[in-house]
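Numbers here simply count residues along the sequence, with the first being 1.
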Amino acid sequence: MIITNRGRMATGAVFAASLAIALTACGSSGSSASSPSSPAASSSAPSPAPSAAGVHTTSDAKLGTIVVNGKGLTLYRFDNDTSNPPKSNCTGQCATLWPAAPAADAATVNGVDQKLLGSVDGTDGTKQLTLDGWPLYTFAQDAKPGDTNGQGLMGIWWAVTPTGAKAGASAGTSSAATSAPADSGSGGGSYGY
């Protein structure tokens, strides 16, 4: 089967529209959307060689030291989750775009204090990895190691630092100060968070 440029453009437009709808579902009505960072300009290759499982750090040109999984994919935290007690509030379409990081990834750790890692029952019933109490996720639009396309998305998704803080957050924002109640900001198209 031959796919023409017109077919590629139509497929891309459908994908972009689907992504916009799903991202809106993951946002809250009180949040303002922000553009994801450009993947080519925002990151550098991960330091350690990627493996099937594990948690390690890498250096990002814009964000500094961030945490990635064994495949080198950026790990994120969600402002609508809570860290104390740890609770994931990403369900439905949100969980499709933001897959939970499996707790089993903590089997191999490099650059992150093992004492800060834990797990919580994820919304799908499996054990989800936490860092300083924050449930961790990957982003479906991060295609390769070093991508940070989810950074700052909808003003509620953040790459995570080795201490569990938001990467690239202003000095006045800390992980302890950003724990949002599970029902805050639920808006149209809410999927339970």
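In this structure, the separation between CG on Asn110 and OG1 on Thr108 is 9.5 Å, given to the nearest 0.5 Å. How far NZ of Lys166 is from CD1 of Ile66: 16.0 Å, rounded to the nearest 0.5 Å. Considering CG of Asp81 and SG of Cys90, their distance stands at 7.0 Å, rounded to 0.5 Å. Interatomic distance, His56 NE2 to Thr65 OG1, rounded to the nearest 0.5 Å: 12.0 Å. With rounding to the nearest 0.5 Å, the separation of CH2 in Trp98 from CZ in Phe78 is 9.0 Å. One distance of note links OG1 of Thr163 with CG of Asp113; it measures 10.5 Å at 0.5 Å rounding.
Hydrophobic clustering (ILVMFWY, side-chain heavy atoms < 4.5 Å, transitive): Ile156 and Leu97 are in one cluster. Transitive grouping of hydrophobic side chains (ILVMFWY, heavy atoms separated by less than 4.5 Å) brings Phe139 and Trp157 into a common cluster.
Shown here for Asp60 and Lys62, the closest heavy-atom pair between the two residues is OD2-N, 2.9 Å. Closest approach of Gly133 and Pro86 over heavy atoms only: O-CB, 3.2 Å. The minimum heavy-atom distance between Asn89 and Lys87, with the atom names listed, is OD1-NZ, 3.1 Å. The heavy-atom pair separating Leu75 from Ala101 by the smallest distance is CD2-CB, 3.9 Å. The nearest pair of heavy atoms linking Gly164 to Trp134 is O-CD1, 3.7 Å. Between Gln128 and Leu136 the shortest heavy-atom distance is NE2-O, 2.9 Å.
Gln151 places a side-chain N or O within 3.5 Å of a backbone atom of Ala159 that can act as its donor or acceptor partner. Within the 3.5 Å criterion, the main-chain N or O of Leu73 finds no donor-acceptor partner in the side chain of Asp142. A donor-acceptor pair is defined here as one N or O able to donate and one able to accept, closer than 3.5 Å; such a pair exists between the side chain of Asn149 and the backbone of Gln141.
Salt bridge status for Asp121 with Lys127: present, with a side-chain N to carboxylate O gap under 4.0 Å.
Under the 6.0 Å cut-off for aromatic ring centres, Trp158 and Tyr76 do not qualify, their centroids lying 6.0 Å or more apart.
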field: Evaluation steps, side-chain contact (heavy atoms from CB on, under 4.5 Å), between Leu117 and Thr130
entry: CA-CA 6 Å; Leu117 295 172; Thr130 62; over 6 Å; no
- prompt: Val112 and Thr57: side-chain contact (heavy atoms from CB on, under 4.5 Å), yes or no, with the steps?
  reply: CA-CA 7 Å; Val112 178; Thr57 57; 3.9 Å; yes
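Each of Thr148, Thr138, Thr58 was scored for a side chain to side chain contact (heavy atoms under 4.5 Å, CB included) with Thr74, with one residue passing: Thr148.
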